[in-house]
Number of protein chains: 2
Amino acid sequence: MALTAETITDTALDILSRYGLGDLSMRRLARELEVQPSALYWHVKDKQSLLVLISKSLKVEVDAACPVTADPLAAAMSLREVLLKYRDGAEIVLLGYSIAAADVTPQALSSERLGAEISQGILTLTLGAVAVEQNRRLFDIDPAGAAENFAANAAAMLAVIRSPS
Amino acid sequence: MALTAETITDTALDILSRYGLGDLSMRRLARELEVQPSALYWHVKDKQSLLVLISKSLKVEVDAACPVTADPLAAAMSLREVLLKYRDGAEIVLLGYSIAAADVTPQALSSERLGAEISQGILTLTLGAVAVEQNRRLFDIDPAGAAENFAANAAAMLAVIRSPS
DNA sequence: ACCTGAACACCGTTCAAGT
DNA sequence: ACCTGAACACCGTTCAAGT
């Protein structure tokens, strides 16, 4: 496998879904790719920028499942599903969204569609809720009713759209 | 200063508000307290449990400013303020809330007062929004209108209380 | 252009041993 | 009971040197 930013990201995604963020080190990544750790730094600025690349990749995955015109609540649920696929997805995308919001926000939840305020609201709610949910799974705490709970709260926040103040 | 779980927590809080989570290592903490790193482990199980202690301490701080009967939106704003005081407060409390929700939730936002669903909704929204805001401050990205934005979204979610479905 | 090898400055945690 | 000292198994990142 030719070493590129893409192959590095893909391998990272693989480690992430299998073992989680705790096992995603630059050294571990290098071992998996059978290169020296330092080799990674020719293709990727640092670990943080790799996490942003990962965040962008998850956005693309959500977009593939959600057209621009998708119902915002359905889009938020899709985002949640994708975040859950990658063990610590929410924590990573929280970082990615902080640094490069526009590149990480799913098209169906963009500020162009929902307005900056609600777009940010639904993103931060989703990232916060799923981050907590993923932490709980990690510690074997039962995240009882997580999906329904999240759906209800997201719906409440989105209700403003159909009845603006 | 006698080494106890409390003095360790207080020193951690001090490092946190001055330098942030990146500088809060067990080794750094030990240096500040003028003991060997291993000494900390007699008083505290591990770093994670220290972060939970910190989270509980922030809850107490919010409770001191917000009576049980405080307006939920005002309480959420107070929580935000306290989280902002400690550079990476949101990230830490996100962890603490995941592990020990009841011990970390401010009394004015408890599930007893608001119901489990809304309590969790407002907590995860606050933690997500402030975590993003703190990351942005860290990277010198202007968190434009963060307070008003957050207030509007929190209000939308809390609006369900006065008009339940 | 792309990668290796070695180094630097760190981590969290454990545990025998001291007092 | 409480702490030291040393060790273990890691980190992210840089940089000269190789091809």
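In what follows, chains are A, B, ... by sequence order, proteins preceding strands, each numbered from 1. What's counted below: heavy atoms across the whole structure, side chains too, no hydrogens, waters or symmetry copies.
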As a test of reading the structure: which of C/dT4, D/dT13, C/dT13 is closest to the side chain of A/Arg27, going by heavy atoms?
D/dT13
Could you check if a side-chain atom of B/Asp103 sits within less than 4.5 angstrom of a side-chain atom of B/Lys59, using non-hydrogen atoms only?
no
Quickly work out the B/Asp23 CG to C/dG12 P distance and round it to whole Å.
11 Å
To the nearest Å, how far apart are B/Leu40 CG and D/dT4 P?
9 Å
Between the side chain of A/Arg87 and the main-chain N/O of A/Gly22, is any donor-acceptor distance below 3.5 Å?
no
Measure the distance from CZ on A/Arg31 to P on D/dG12 and round it to the nearest whole Å.
10 Å
Selection from D/dT13, C/dT13, D/dC11 that lies nearest to any side-chain heavy atom of A/Asp46
D/dT13
When rounded to whole Å, the NZ to P distance for the pair B/Lys47 and C/dG12 reads 4 Å
Between D/dC3, D/dG12, C/dG12, which one does the side chain of B/His43 approach most closely?
D/dC3
Nearest-nucleotide pick for B/Leu3, side chain only, options being C/dT13, D/dT14, D/dC3
D/dC3
Expressed in angstrom and rounded to an integer, what is the separation of B/Tyr41 atom OH from C/dA17 atom P?
22 Å
Starting the side chain at C-beta, find the nucleotide from C/dT4, C/dC11, D/dC3 nearest to A/Ala39.
C/dT4
Quickly work out the B/Met26 CE to C/dT14 C1' distance and round it to whole Å.
13 Å
Examine the side chains of A/Glu61 and A/Tyr86 and answer whether a donor and an acceptor come within less than 3.5 Å of each other.
yes
Complementary nucleotide for C/dT4 - Watson-Crick or wobble, under 3.5 Å:
D/dA16
Side chain of B/Gln36 only, please: which of D/dG5, D/dA1, D/dC11 is the nearest?
D/dG5
When both distances are under 3.5 Å in a Watson-Crick or G-U wobble arrangement, the nucleotide paired with C/dA9 is none
To the nearest Å, how far apart are A/Trp42 CH2 and D/dA16 P?
17 Å
B/Leu24 has an atom CG; how far is it from atom P of C/dC11, in whole Å?
10 Å
Whether the side chain of A/Arg27 engages the backbone of A/Pro37 through a donor-acceptor N/O pair (distance < 3.5 Å, no angle test) should be reported.
no
Could you list the donor-acceptor pairs under 3.5 angstrom formed by side chains in residues 135-157 of chain A, with sequence neighbours left out?
unit_1, atom_1, unit_2, atom_2, d
A/Asn135, ND2, B/Ser98, OG, 3.1
A/Arg136, NE, B/Ser98, O, 3.1
A/Arg136, NH2, B/Tyr97, O, 3.2
A/Arg137, NH2, A/Glu133, OE2, 2.6
A/Asn153, ND2, A/Asn149, O, 3.1
A/Asn153, ND2, B/Glu117, O, 3.1

Just to be sure I understand the rule, does A/Ser38 reach a base, reach only the sugar-phosphate, or reach nothing, if contact means heavy atoms closer than 4.0 Å?
base
Taking only the P atom of each, what is the distance from D/dC10 to C/dA9 in whole angstrom?
22 Å
